[in-house]
Number of protein chains: 2
Amino acid sequence: MTHDDSSQITERKRGSGVKLVYDLLRDEILDLKLSPGSAIDEVQLAARFGMSRTPIREALVRLAGEGLIETLPNRSTMVSNIDFLGMPAYFDALVLMYRVTTRLAAQHHRADDLLLIRERQAEFSAAVAAQDALAMIATNADFHSAIAAAGRNAYYASFFDRLLGEGRRMLRLYYQSYEDRLPARYVDEHEEIIAAVEARNVVEADRLGKAHGEQIVEQIGQLLTRNDRLDIDL
Amino acid sequence: MTHDDSSQITERKRGSGVKLVYDLLRDEILDLKLSPGSAIDEVQLAARFGMSRTPIREALVRLAGEGLIETLPNRSTMVSNIDFLGMPAYFDALVLMYRVTTRLAAQHHRADDLLLIRERQAEFSAAVAAQDALAMIATNADFHSAIAAAGRNAYYASFFDRLLGEGRRMLRLYYQSYEDRLPARYVDEHEEIIAAVEARNVVEADRLGKAHGEQIVEQIGQLLTRNDRLDIDL
DNA sequence: TCCATTTTCTTTGTCGACAAAAAAAATACA
DNA sequence: TGTATTTTTTTTGTCGACAAAGAAAATGGA
C-alpha cells in the first residue's frame, strides 16, 4: 500500500507541524478519506510529512481527545467508528444546539457578525450550485458555526462545533447514498434564519433553528427505528 | 521554590504514567491547588514524577485540549485563568445541561443506574455532613454525572462533565468565601431528583433539574450584573 | 543615568534510538 | 495434521540530547 503524495518536504516553522498534521488528518477523517476503523501508522505518517514521530504523536493525542481516533494501549491506533447506535442521542443534541445557538445569535449578535454569516451562506450557496457534496457539508457546518459564534456563548459554540464535525461523517454517508444531490431548500432556510437573527426575533429564530435541525434529522433519521428525541415545547 | 513531595519513584507500568500525571494535575487545577495563571514547568514535573518530559507533555496536551491549561507557542505553559466574563454563558449552558440530563435520566434510566446514583448521593451527603467543601464539590459533580450517564446520551454527558469540571474551580472560590459551609438543602433537592427519575416523571425531572441549576446559579450569580440567561419555557 | 544592542539563559519543540508489549510467524511435538 | 510453545516482527511508549525561540541579563555608548 503506497502513499503517492508527492509530499513536499519543505522547511517548516517550528511548532507548525502539529497543527498541519492535525488539520489535515482531521479533514481526511471527517471527509471519510480515511475510513472508520482503518489503522493509523505513526511511522508512516512521519515519513509522509517528513518529520519525526513526536509531532505526529501530539496531533494524534489531540484527535483522540476529540474522539476522532481511538487508541488501544500498546497496540493499534485507528480511526473511530461511526457510532450508529448513538445516532438518536446525537441528533437529539444536534437539534437542541441548532435551537440554542440560533436563538442566542438573535439575542447577542453584533453588526459585523452578520457579515461573516452572510459570507458563509454565500459559500454554502455556491457549493450547492456546484453540486459539490463535500463542500456543501463543510460550508453548512461553517455557516452554523458562525451563527453559534454570534451567540456569544463559547461553551455552546465549542460543543456545537464538535457535533458538527462528528456530523460531517454521517452526512457524507447520507449524501453519498443520494448521489450527491442536495435540496436547495436548505439555502432558503438559511436565509430565513439570517433574517430572524438580524431582526432579533428570538422566538422565530428558535423556531427556525429547531425546524431546520429537525428537517435534516428527519431526512437522515428515516433509517432509524428509535425516535424518542427530546422535545421541549416552546 | 521547592516541591517537597516525598515523591515515590516506584516502578510503573508502561503507559500508565500519562494517566497518572493527567489525573493528578487535573485534580490540582480543579481544586485550585494550582492557582490560575501559575506557570507549569515540564522539567520540574518530569523530575517530580520521576519520568521523562515525553509523557508529561502528552498529559499537558490533553489538559490543553480541555482548556484547563494554556500554551503560549515556544514560551510558557500556564494554568488557564477562570473566565469571569464568560460566566453568564457558562451558567446558561450549565442550567440547560442540568435540565436535559435529568430529563433524559427520567426517560432512559435502568434499574442499576439508580444504584450508582444513590451511591453518589450518599457520598455527597457524607461530604456535606463532614463540612468538607472540596469533597462536596467533587461528589456533587459525580452525582450529576451519574444522572447524565443514566440519560444514555454520551454527547450531553461528556459536555456536562466538562462543564462540571470547569465549575469546580468557580465553586471552590465561592465556597471559600462562604467559609466552607454549604446548605444541606442540596441534599434534599438531590433526593427529589432521584425520586422523579425513579418515577420516570419526565416533566417533574425537567422542572427539578432546572430549579436545582438555577438555585446554584443564583447563589453564585448574585455577583454578576448581566442576567440574560436562556429561558425556554416549559 | 538611560537606552540600544549583544550575549546568556531558560524553556519549548523536535529528533533518533531503544525497550516493552502484543501480535504474527515459526517451530516442536503428539 | 493439529496444537502448544518459542521466536521473530511490528508498533507503541519512553528516554536523553540538541536546536530554535523568546526572555532576561549584561554590555556599551551617549
Undergrad: Run the side chain to side chain contact (heavy atoms under 4.5 Å, CB included) test against Asp161(A) and tell me which residues pass, sequence neighbours left out.
TA: Ser145(A), Leu164(A)
Undergrad: With sequence neighbours left out, what residues match Tyr155(A) under ring-ring contact (aromatic ring centres under 6.0 Å, His included)?
TA: Tyr90(B)
Undergrad: Residues two or more places apart in sequence or in another chain: which of them pass side-chain hydrogen bond (donor to acceptor under 3.5 Å, both in side chains) with Glu166(B)?
TA: none
Undergrad: Whole angstrom is fine here: how far is it from CG in Leu45(B) over to P in dT11(C)?
TA: 12 Å
Undergrad: Once side chain to side chain contact (heavy atoms under 4.5 Å, CB included) is applied, do any residues pair with Ala150(B), and if so which ones, sequence neighbours excluded?
TA: Ala105(B), His109(B), Asp113(B), Ile117(B)
Undergrad: Asp41(B) has an atom CG; how far is it from atom P of dG13(C), in whole Å?
TA: 13 Å
Undergrad: For the pair Arg168(B) and Asp27(B), find out whether any cationic side-chain nitrogen is under 4.0 Å from an anionic carboxylate oxygen.
TA: yes
Undergrad: Tell me every residue that passes ring-ring contact (aromatic ring centres under 6.0 Å, His included) with Tyr98(B), counting only those two or more places apart in sequence or in another chain.
TA: His144(B), Phe160(B), His212(B)
Undergrad: From the options Val18(B), Val21(B), Thr71(B), Leu25(B), select the one residue that forms a side chain to side chain contact (heavy atoms under 4.5 Å, CB included) with Leu60(B).
TA: Leu25(B)
Undergrad: Measure the distance from CE on Met78(A) to P on dT11(D) and round it to the nearest whole Å.
TA: 16 Å
Undergrad: With sequence neighbours excluded, give me every salt bridge (charged side-chain N to carboxylate O under 4.0 Å, His left out) pair touching residues 64-82 of chain A.
TA: Arg26(A)-Glu66(A)
Undergrad: For Ile40(B) and Thr54(B), take the nucleotide of DNA chain C holding the closest heavy atom to each; which residue's nucleotide lies nearer the 5' end?
TA: Ile40(B)
Undergrad: Please list residues of residues 55-67 of chain B whose heavy atoms come under 4.0 Å from any atom in DNA chain C, ordered by number; otherwise none.
TA: Arg57(B)
Undergrad: If the condition is ring-ring contact (aromatic ring centres under 6.0 Å, His included), which residues does Phe159(A) pass it with, not counting sequence neighbours?
TA: Phe159(B)
Undergrad: Distance check: side-chain N/O of Ser52(B) vs OP1/OP2 of dC15(D), anything under 4.0 Å?
TA: yes
Undergrad: Calculate the interatomic distance between Glu42(A) atom CD and dT14(D) atom P; express it in whole Å.
TA: 12 Å
Undergrad: Heavy atoms only, 4.0 Å cut-off, all strands: where does Val18(B) land among base, sugar-phosphate and nothing?
TA: sugar-phosphate
Undergrad: What is the separation between atom CG on Leu72(A) and atom P on dA23(C), rounded to the nearest whole Å?
TA: 9 Å
Undergrad: Going 5' to 3' along nucleotides 17-24 of chain D, which nucleotides have protein heavy atoms under 4.0 Å from the base (write B), which only from the sugar-phosphate (write S), and which from neither (write -)?
TA: B-BBBBS-
